[in-house]
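Chain A is the first sequence line, chain B the second, and so forth, proteins listed ahead of strands; every chain is numbered from 1.
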Amino acid sequence: MSNPKVIVISSDDEKFPVDPKVAEKSLLMKNMINDLNPDGLQEDFEIPTPNVRANVLAKVLEWCEHHKNTIFPDDDDEDAKKSAPVEEWDKNFLKVDQEMLYEIMLAANYLNIRPLLDAGCKMVAEMIKGKSPEELRRIFNIVNDFSPEEEAAIRRENEWAEDR
Amino acid sequence: MIPSGSRRSKIRPPRKSLVSSSLDGSNSDPTVDFEKSWSILSSAITQIQSKNVSNLSYEQLYRKAYVLVLRKYGAKLYDNVASLITHHLLVRRDHLLAISDHEDFMKAVILEWDEHLQSMKFVSDVLMYLNRVYVKEHKKLLIYDLGIELFKDNVIKHNHDEVGRKIVDIVIQEITRNRKGEVITTTMYITKLINMLELLVESAGTDIQYGENYFQTMFEPTFLQNSETFFYNLSQEFVNYNLGSRYIREAGQFIKEEESRINFYLPSSTYPKLIDLMNNIIIKDKIDDIISLPYEQQGLSYWLQPVLGNIFDDRQSTHHLAELRILYELIGRFDSEYQLLRLRLKENIIAQGIQLPEFVKTSLQNAGEKKTATNSTAFATKWIDTVLRYREQIMKLSAEAFASNPIVEQTITYAMRDFINGSGTNRKNNISVNAPELLSVYMDYYIKQLGKPSPSKDISTSSSDSTDVFVNRSIQFLRYIKDKDAFEANYANHFAKRFLNSKGASQTINANNKLGVDLEELILSKLGEEMGTTSLDKIIKMNKDIKSSKDTTAEYKKHISKNQKQNLVDLELKICNVTDWPKSMTKDYKSFSKSDTGEVSFLWPKQLRNTIREFEEFWFSGKKNDNKSLYWSPKFGSIDMRITYPSRTYEINMSTYAGIIMLLFAPQSSNADGTMVSAFDEQKELTYDEIQELTGIPEADLKRHLQSIAVAPRSRLLIKKPMTKEVNNTDVFKLNENFKSPSIKVKVLTVSASSSAAPSKAKQKTEQEEEAEEVQSNIAEGRKLEVNAAIVRIMKSRHTVRHNKLIEELIKQLANRFQPSIILIKQRIEDLIEKEYLKRDDDDKNTYHYVA
């Protein structure tokens with residue numbers, strides 16, 4: 001075959017053939033490809049990902065495809081990662097419902113796609129920023145397990161930090 | 001902002017449980033989950049270690065590890081992996097120890113290492129999640145690095161470094177075999193093993209670059225120790241050859257090989273340590289002994305021998321350049337200043353140099369030369385020539401063996417200076433040379449040679465070339481002379497003699513040199529450049545006299561022709577100021593004129609008296625000569641006389657004395673018709689005593705000049721009865737009718753003082769000895785004055801000076817001229833204190849003050 005492809009298989013056995021370059025955005029897949037094909041890819045190579053569903057996998061691979069030529073800053077460079085804002089395209093890309101967002105993040109964690117994971121985390125951080133506790137409980141579906149006295153005590157302690 | 005101390009609210013996962021969906025559905029007992037997963041993983045790892053990966057699912061293994069980490073089993077997983085690998089390695093270790101053959105062992109170790117690294121990489125990749133999350137968080141070693149450490153601890157270091165030591169010993173053995181010249185097949189293994197040892201970091205968790213590694217802690221010290229012993233034994237072996245050349249060659253060879261060996265095997269950090277060791281033991285410790293080996297055992301003196309040999313015998317072409325080059329390189333390895341080489345080289349050059357006078361003397365004798373005294377012309381020219389040739393040879397050697405290194409060449413110059421100026425005199429060899437004198441003799445000889453009109457047709461280029469060569473060589477040699485003031489005194493002496501004794505017109509090289517530059521002038525200007533004109537003071541004054549003599553002669557000639565004086569002899573005047581010319585020549589200047597008592601011992605012949613009177617009139621007519629007295633000196637100069645012999649009329653040039661003697665035989669009487677009777681018809685005969693009375697010429701000179709014109713075969717103007725070589729008081733002289741000469745122009749050479757067998761040698765000092773004495777005393781006087789002047793100069797600028805400092809300064813200032821002795825300096829200081837130029841400090845004897 002002229003251009004061997006990497007075929008990523010979702011938990012529901014759906015096959016997604018991609019260019020090796022795209023797949024290698026995931027360090028896990030990259031190592032797998034290289035370790036099991038030390039002389040280079042001769043033919044199509046299948047990678048099963050049983051803990052990623054098809055629709056999530058599709059999104060992840062879409063992201064990889066879009067960024068297949070992007071060069072990301074060094075993995076160890078903490079500062080760059082913290083300060084860099086989420087790219088416009090990534091922002092739009094991640095405008096999905098919460099569940100999908102979390103699944104994408106878990107998949108990115110599993111597959112070891114650092115930039116995607118970071119982008120996801122930043123999105124969530126945006127969601128948290130500037131929200132009141134009630135809003136946060138609503139968004140994240142958090143059960144309030146404080147008794148009214150405890151809650152009042154906490155509010156009093158933290159009054160100084162509020163900028164009203 | 002997490003409120004301090006209070007309960008934190010947990011962010012519970014959103015509705016759907018995502019994590020559990022990634023497991024195989026079951027949320028059952030964690031312990032069972034771990035063991036199950038672990039058994040799969042551990043068997044997988046074992047498979048990997050056996051290079052049996054085909055049946056494994058990478059993804060599955062990865063997922064298992066992922067889950068375990070999520071379930072907080074990271075630590076347990078990590079530790080289990082560590083012990084699994086440890087067990088595996090211990091088994092491999094036993095396997096290794098079973099191998100006895102060295103080469104097989106080395107090969108096996110490397111194989112184990114390579115395979116281990118490979119499997120560790122795989123394991124590490126599979127456990128990537130563990131690495132990323134657990135390891136980073138708990139600051140443990142990455143799996144791959146863990147693998148390396150486990151290898152180090154369980155294979156190499158286990159059981160008191162059992163394997164480790166074996167590796168070190170075997171590697172060192174192989175290297176030793178290689179050093180001894182054996183061909184080994186394990187070169188690549190050595191390199192690889194050393195690389196492996198370098199990767200085994202000792203302190204856990206640190207960077208390989210900064211931490212110590214096994215190579216450094218175990219291998220290097222043992223290796224260096226072993227090498228030191230080996231080098232020592234090797235150098236001893238070389239020394240026992242007792243042959244310098246062999247030591248040099250073999251040591252050089254070994255060092256070259258060792259360097260390439262080390263370069264190949266060892267890390268760059270060890271390289272300098274080993275090289276230093278090698279340099280110190282093989283070269284530094286031994287090389288002085290080698291250099292100083294005597295000639296038979298081929299030390300430095302043997303290698304330098306051709307330099308000496310090649311001066312006299314061009315056929316001897318065996319040079320020991322190879323050995324010298326190696327020596328230079330070896331010493332350069334531990335001393336960039338080559339101090340030892342320079343020291344020994346200097347010793348050897350001086351030793352060779354002081355043999356040169358002996359060689360020169362022998363070679364002169366072999367050539368049949370009779371005059372081989374150390375201040376004879378023949379000796380002087382040959383010695384200076386030889387020294388300059390020696391210099392050529394040694395410089396060539398320096399270029400080829402020492403890369404013309406400037407510090408080495410400087411040492412050579414110092415050494416040559418030492419032996420030329422006689423400070424390295426060998427007591428056994430009693431030929432010492434007076435370099436300043438010899439240079440002056442050398443120059444004197446060549447100046448006279450070059451001044452003679454050249455007989456060859458092609459005059460212009462060849463003689464100006466040889467002039468340049470001569471001048472350059474003289475200046476070159478001058479630079480080696482320490483006591484420049486001694487040279488100046490000698491040169492002044494020769495210079496005066498050349499002028500005063502010259503016959504005929506002043507010797508310029510006009511005919512030969514198109515530019516018409518006076519050779520003497522040329523040399524004086526070159527000497528001035530070299531030594532400074534103040535040191536040539538005397539000679540410059542004499543030169544002035546020479547010039548003004550020429551001017552006076554010209555003026556006189558004009559005066560004569562203007563006033564149309566007749567019957568006067570043509571005069572070429574040499575007027576010398578008595579104070580400036582050497583006393584040995586001028587000391588008796590008054591003895592030829594009327595003494596205070598009116599007595600005259602010397603008589604000018606009547607034919608010359610007119611001329612003398614005429615010139616004196618002319619001389620004193622000039623106002624500038626009012627307070628000067630003129631004394632004629634027949635000792636010097638020459639007369640050109642036309643004598644008609646029966647065979648032919650000749651124009652003869654002879655010394656003044658000889659001329660005066662000849663004039664005695666001029667025809668006295670005239671014929672009846674007024675013409676002069678031929679002198680031959682007169683048949684005049686005079687005895688020695690009569691001649692003595694009639695002329696008043698001093699005895700020694702008279703005898704000498706009579707020999708010139710009556711004994712010397714080509715210039716026998718007179719016949720002497722009896723025809724013996726010596727002139728006795730009873731001899732009778734008359735004109736030689738049969739005198740013949742092939743050319744019209746004849747030059748009578750004055751017999752030299754030493755060869756005229758003077759019977760009364762004992763008491764009277766010869767002229768030569770007198771001159772020599774005068775030169776010496778001139779030098780001594782000159783030095784006194786110069787030291788005085790220097791002391792005053794120094795004191796004037798510093799006002800107060802300590803004794804030692806004064807001496808230091810003096811020696812520095814006078815270095816260009818000569819080396820003052822401490823005694824001389826002390827004398828001069830005392831002298832100046834007496835003359836109140838300085839005084840001693842009242843409290844401190846060692847301090848002087850300037851007295852304005």
Colleague: Which pair of non-hydrogen atoms, one from B:Arg63 and one from A:Pro50, has the smallest distance, and what is that distance?
Modeller: NH2-CG, 3.1 Å
Colleague: For the pair B:Tyr62 (side chain) and A:Tyr110 (backbone), establish whether a donor and an acceptor sit closer than 3.5 Å, ignoring hydrogens and angles.
Modeller: yes
Colleague: Return yes when atom CD of A:Glu151 has more than 12 non-hydrogen atoms of other residues, nucleotides or ligands closer than 6.0 Å, and no otherwise.
Modeller: yes
Colleague: State, with a plain yes or no, whether a side-chain heavy atom of B:Asp125 is found less than 4.5 Å away from one of A:Met32.
Modeller: no
Colleague: Ignoring hydrogens, what is the shortest heavy-atom contact between B:Glu59 and A:Thr49? Give both atom names and the distance.
Modeller: OE2-CA, 4.1 Å
Colleague: Could you give the distance from CG (A:Leu27) to OH (B:Tyr129), rounded to the nearest 0.5 Å?
Modeller: 13.5 Å
Colleague: Apply side chain to side chain contact (heavy atoms under 4.5 Å, CB included) to A:Asn31 and B:Phe122, showing your working.
Modeller: CA-CA 9 Å; A:Asn31 277 356; B:Phe122 213 88; over 6 Å; no
Colleague: Quick one: pull up CE in B:Met128 and CG in A:Asn112 and give me the separation to the nearest 0.5 Å.
Modeller: 4.5 Å
Colleague: Heavy-atom distances under 4.5 Å only: say whether A:Leu136 touches chain B with side chain, backbone, both or neither.
Modeller: neither
Colleague: Where the side chain of B:Arg132 meets the backbone of A:Asn109, is there a donor-acceptor pair that is under 3.5 Å apart?
Modeller: yes
Colleague: Take atom NZ in A:Lys131; do more than 12 heavy atoms of anything else shown fall under 6.0 Å from it?
Modeller: yes
Colleague: Check whether any side-chain heavy atom of A:Leu28 sits under 4.5 Å from a side-chain heavy atom of B:Tyr58, and report yes or no.
Modeller: yes
